[in-house]
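Chain letters run A, B, ... following the sequence lines, proteins first and then strands; every chain starts at 1. This one's a predicted model, so the numbers in the text were calculated from it and none came from an experiment.
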Amino acid sequence: MNDSSVLSSSEESTVFVDALMPLPIPKNFTYRVPRAWAELVEVGMRIVVPFGSSKVLTAVIVRMHHQPPSQYQAKYILEILDDRPLVTSSQIDLFNWVAEYYMCYPGEVFQIALPAGLKISSQSKVQINPAYSLEISLNDKEQCVFQAIQEKGSLSYDEIAQIAELKSPYHLIKSMVAKQAVLIFDELKDRYSPKVIRKIRLTQAYENKEKLVDLIQTLESKPKQLAQLLHYLQFIPVLRNPEVNQKGLDKSSFTQADLSESSLQTLIKNGVFEIFEVIVSRFGQEDSEDFIPAAFELNPAQTTAYQSILQQFQEKDVVLLHGITGSGKTEIYIKLIQEALANGSQVLYLLPEIALTTQIVLRLKRIFGEQLGIYHSKFSDNERVEVWKSIVEGKYPLVVGVRSSVFLPFSNLGLVIVDEEHEASFKQVDPAPRYHARDLAVVLAKQQGAKVLLGSATPSIESYYQAQEGKYGLVTLKERFGKAQLPQMILLDTKYAQKMKQMKGGFSVDLIQALEDNFQKGKQSLLFQNRRGYSPYIQCQDCDWIATCHQCDVSLTFHAREQELRCHYCGYKEGLLRRCSACGSTHLKTMGYGTEKLEEELQLHLPDARIGRMDLDTTRSKTAFNSLLSEISSGNIDVLVGTQMVAKGLDFEGLSMVAIFDADKAINFPDFRAHERAFQLISQVAGRAGRREEQGKVFIQTNQPTHPLLEHIIHNNYEAMYAEEIVEREGYHYPPFSRLIKLTFRNLDASRVETAARHMAAALQNKFGHGRVLGPEKPLIERIRNQFAMEILIKIEKGLALKKFKETLREEMDIQMTGPACKGVQLIIDVDCM
DNA sequence: AGCACGCCGACT
DNA sequence: GTCGGCGTGCTC
Ligand SMILES: [Zn+2]
Ligand SMILES: [Zn+2]
């Protein structure tokens with residue numbers, strides 16, 4: 001007798017379900033299924049369950065059984081939300097894998113994986129008690145809150161705390177409940193609502209021709225109503241074909257056509273028209289017109305690469321495609337996608353958020369049409385719910401998406417493409433699970449028997465190492481697409497220029513000259529500086545004081561357009577100071593260069609040039625972003641100043657020159673990945689230069705022109721950079737020769753953070769050895785939002801049993817965290833920290 | 001994670 | 001005396 005027959009045939013025994021809860025708790029909760037629903041539940045369905053005294057939560061069934069829990073009385077489930085599983089069992093396995101690997105709770109993975117619209121939950125709110133007799137006196141604060149509730153209808157605990165200016169509203173609410181002034185109730189947070197449009201059609205009575213002709217005649221005397229009817233018939237030719245009436249016409253069509261609303265209402269009242277509602281997709285049908293699969297041919301280099309990838313997939317599950325910028329990786333991706341789709345399997349195409357642009361989406365849409373689903377964090381939650389559900393229903397065999405799309409309910413994945421594989425933004429920073437989508441893509445693919453293609457012009461050291469070791473396949477594309485040549489790279493020595501008095505502000509005269517020349521030729525240039533705002537800090541010239549954030553240990557960035565000082569970490573802003581806060585001097589000077597300042601200075605050097613700026617601040621709104629784009633493409637901008645947004649986001653045609661304002665900051669950044677990152681960033685920006693017929697130029701300002709890394713960059717020599725870097729990594733036991741786990745302690749009290757971190761470090765060193773546990777150390781920014789932090793770095797050498805190590809680590813940390821030294825201090829665990 | 005609860009110090 | 005902050009423990 002197998003398990004399922006026990007479940008369905010047994011009449012006596014109640015069905016219990018183990019539910020994955022959307023909470024940071026270590027275990028699943030067990031609930032009881034009402035007998036009437038016993039046949040309806042399945043693993044992977046969402047259920048609504050009671051939790052605590054009055055809350056409700058959405059959970060996912062992960063197991064069904066007949067064992068009543070012995071320690072407690074299981075509660076009944078309240079609702080079954082799905083008629084088919086919305087979460088696959090392989091997803092549940094993946095959630096558990098992620099929780100274990102990234103040392104968090106499965107519930108946290110669940111919380112991140114599902115769009116909010118799929119998780120209904122309740123929140124406690126307070127409303128007026130209708131039975132309240134005004135006699136029982138409320139004190140001032142209570143009165144104040146009472147009035148606020150009367151105005152708004154209801155308030156959450158947080159809102160009450162704010163109004164009453166209390167840290168915890170508990171006592172106040174309790175008192176008001178006791179006085180029977182208010183009631184506590186639970187309000188469901190809004191759940192997914194399908195998009196509905198109202199349509200109008202003729203009632204059945206008028207679906208035949210004669211009736212309709214009669215009707216038109218009777219309406220001769222009522223021109224407004226006749227106009228309505230004719231408007232309808234114009235779009236829905238019922239006279240010619242009565243069946244089209246069923247489709248109806250959008251109600252908005254009438255409103256827009258400037259027809260009177262009341263005459264429409266009359267027709268509805270008289271039973272001529274009827275209103276009905278249809279559920280429509282949020283993803284407009286407007287481009288469903290027959291798309292032309294843009295035919296293209298791979299060039300010989302691409303063909304070779306393509307065939308090589310297919311061949312290596314025979315033996316390897318993961319292949320790294322190392323293709324320089326402009327080598328045409330995307331065409332290869334498309335060919336592979338077409339091939340996978342033709343085999344009937346699903347494809348996931350992962351992109352960093354910054355690179356998932358309308359350009360690439362439109363291109364794919366043109367080729368794959370309705371097969372393409374898009375999963376972007378910029379989309380509304382409702383849209384993400386629709387993508388999720390569609391995938392469950394077998395629609396969208398191809399999904400282009402950002403980081404979190406690795407959690408979509410794929411059932412038959414054949415290929416995963418991770419483009420810009422080296423991008424650090426694939427790693428989630430906050431909240432848990434702090435997963436790396438590229439690494440998770442490999443796990444997901446393995447689970448589903450799919451292949452993974454990692455693509456990059458500058459692969460991560462980790463991935464390239466895997467390829468060198470033979471774990472991954474490797475395919476290299478060294479040729480630029482078409483006739484395009486690699487840009488010419490020129491280093492500009494700012495130290496020397498300084499000595500020779502050849503610097504104008506932050507610009508060397510050579511750079512100004514180059515920009516000038518390019519402008520005179522009528523060509524477009526890009527000036528790259530990865531720093532937004534006007535200047536990263538302002539300083540008093542008399543006492544060296546620097547304006548800093550009150551809540552963070554960072555300098556405030558000056559934004560000229562708003563005349564504000566801003567903290568880029570907590571969002572704090574204040575008006576520009578007139579006087580030094582330390583000595584009162586008025587000699588405040590902007591120091592360092594942000595894009596805003598470069599834009600301004602450059603305008604002085606090139607007074608006739610039209611200069612544009614593209615960074616987070618100029619592209620906040622979609623319209624601003626789009627208009628900037630069209631300005632660039634229509635040639636209305638001569639020099640574009642921008643941050644990494646221009647490097648990673650859009651593909652511009654026709655930038656013949658790129659200038660990197662400051663290469664040193666990235667190179668000298670105090671992090672073991674600094675060289676790798678600098679190489680990637682500068683190469684990527686440089687890759688924007690040049691077009692089909694013409695070799696582009698790249699100017700790099702640096703005060704260390706002999707730095708080996710720059711040498712590799714200007715020769716586009718990734719392999720040399722890798723060779724140098726991998727030696728460093730091995731020597732210092734950094735990834736890929738070890739795995740890192742970062743423990744961050746946070747608290748408002750700096751000394752408590754320090755005590756906790758030291759205590760934990762000592763305990764861990766004792767347990768795992770001093771070589772494996774480094775720190776604690778203060779992070780680069782010691783305090784953010786008044787929270788102090790300290791970090792411990794754990795290095796796990798290759799070959800050590802990872803799973804076992806993490807288990808032991810978790811045990812040890814749990815013990816220490818309950819001790820007096822660590823109690824109350826927040827601990828953040830970041831596995832494979834970047 | 002929320003939420004309930006109760007201890008305790010600090011004000012009228 | 002109460003008021004309000006905050007640490008603790010629990011949730012199937
Ligand atoms: Zn700040
Ligand atoms: Zn001063």
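Residue pairs meeting the ring-ring contact (aromatic ring centres under 6.0 Å, His included) criterion with at least one member in residues 801-834 of chain A, sequence neighbours excluded: A:Phe768-A:Phe805. The list of side-chain hydrogen bond (donor to acceptor under 3.5 Å, both in side chains) pairs with a residue in residues 160-169 of chain A, not counting sequence neighbours, is empty.
Residues satisfying the side-chain hydrogen bond (donor to acceptor under 3.5 Å, both in side chains) test with A:Ser621, not counting sequence neighbours, are A:Thr623. Scanning for side chain to side chain contact (heavy atoms under 4.5 Å, CB included) contacts around A:Gln765 gives A:His770, A:Val773, with sequence neighbours left out. Under the rule for a salt bridge (charged side-chain N to carboxylate O under 4.0 Å, His left out), the partners of A:Glu462 that lie at least two apart in sequence or sit in another chain are A:Arg673.
As judged by a 4.0 angstrom heavy-atom cut-off over every strand, A:Lys174 is placed among residues touching the sugar-phosphate backbone only. Nucleic acid contact class of A:Ser54 (heavy atoms, under 4.0 Å, all strands): none.
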Which pairs would a plain distance check flag for residues 22-33 of chain A, meaning a side-chain donor or acceptor within less than 3.5 Å of a matching protein atom at least two apart in sequence or in another chain?
from	atom 1	to	atom 2	distance (Å)
A:Thr30	OG1	A:Asp18	OD1	2.9
A:Tyr31	OH	A:Pro50	O	2.7

List, one per line, each side-chain donor-acceptor pair under 3.5 Å for residues 745-753 of chain A, sequence neighbours excluded.
from	atom 1	to	atom 2	distance (Å)
A:Asn747	OD1	A:Asp749	N	2.9
A:Asn747	ND2	A:Gly824	O	3.2
A:Asp749	OD1	A:Ser751	N	2.9
A:Asp749	OD1	A:Ser751	OG	2.8
A:Asp749	OD1	A:Arg752	N	3.4
A:Arg752	NH2	A:Lys823	O	2.7

Where protein sits on nucleotides 4-12 of chain C, one letter per nucleotide: B base, S sugar-phosphate only, - none, heavy atoms under 4.0 Å
BBB-S--BB
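Residues A:Tyr435 and A:Phe407 bring their aromatic ring centres within 6.0 Å.
Running 5' to 3' along DNA chain B, contacts with non-hydrogen atoms of chain A at under 4.0 Å begin and end at B:dA1 to B:dC7.
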